[in-house]
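Remember, it's a predicted structure, so these values are computed and weren't measured experimentally.
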Amino acid sequence: MGWAKIWQGVLNLPPSYTIEVISEIFDRMPPEDKERTLIHELMHIPAVSQAVFVHTKALLNEKM
């Protein structure tokens, strides 16, 4: 358990997540690839992946 988890418990805060991108790569990507990359990363967040899995999968299938 890391410090973030400890403070989260002490302060009674919900989990928080950060998505980081490497600007040298991400900034040069076409908008469609940026969107696909962000959706992919959001799917790693448990609450988000359960809430939007079906909708996101449909969107990705349409775009591919």
Side-chain angles (χ1 to χ4, degrees):
M1 183 185 313
W3 284 105
K5 187 87 169 171
I6 290 171
W7 282 111
Q8 178 184 327
V10 168
L11 298 173
N12 197 27
L13 297 172
S16 59
Y17 300 91
T18 301
I19 296 175
E20 295 182 77
V21 297
I22 300 170
S23 63
E24 292 86 0
I25 297 170
F26 189 79
D27 292 348
R28 289 187 275 144
M29 295 170 78
E32 298 82 20
D33 288 349
K34 288 180 181 180
E35 182 178 357
R36 189 177 300 117
T37 299
L38 291 175
I39 290 170
H40 172 85
E41 293 306 320
L42 285 171
M43 295 299 290
H44 290 285
I45 301 173
V48 173
S49 63
Q50 294 302 316
V52 298
F53 178 72
V54 173
H55 180 67
T56 304
K57 187 174 179 183
L59 284 175
L60 287 175
N61 287 337
E62 282 178 18
K63 293 182 182 257
M64 293 180 143

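- Here the straight-line distance linking atom CE of Met29 with atom OG of Ser23 works out to 12.5 Å at 0.5 Å rounding.
- Contact of the Glu20 side chain with the Thr18 side chain is registered, since non-hydrogen atoms from C-beta on lie closer than 4.5 Å.
- Considering all non-hydrogen atoms of both residues, Lys34 and Asp27 come closest at NZ-O, 3.7 Å.
- To the nearest 0.5 Å, the span separating CG on Leu38 from CE on Met43 amounts to 13.5 Å.
- Rounding to the nearest 0.5 angstrom, the gap separating the CZ atom in Phe26 from the CG atom in Asp33 is 9.5 Å.
- For the atom pair CD of Glu41 and OG1 of Thr37, the computed distance is 7.5 Å after rounding to the nearest 0.5 Å.
- A 4.5 Å side-chain heavy-atom check between Ile25 and Val21 finds every atom pair outside the cut-off.
- Here the CG-CD1 distance, from Leu11 to Ile6, works out to 11.5 Å after rounding to the nearest 0.5 Å.
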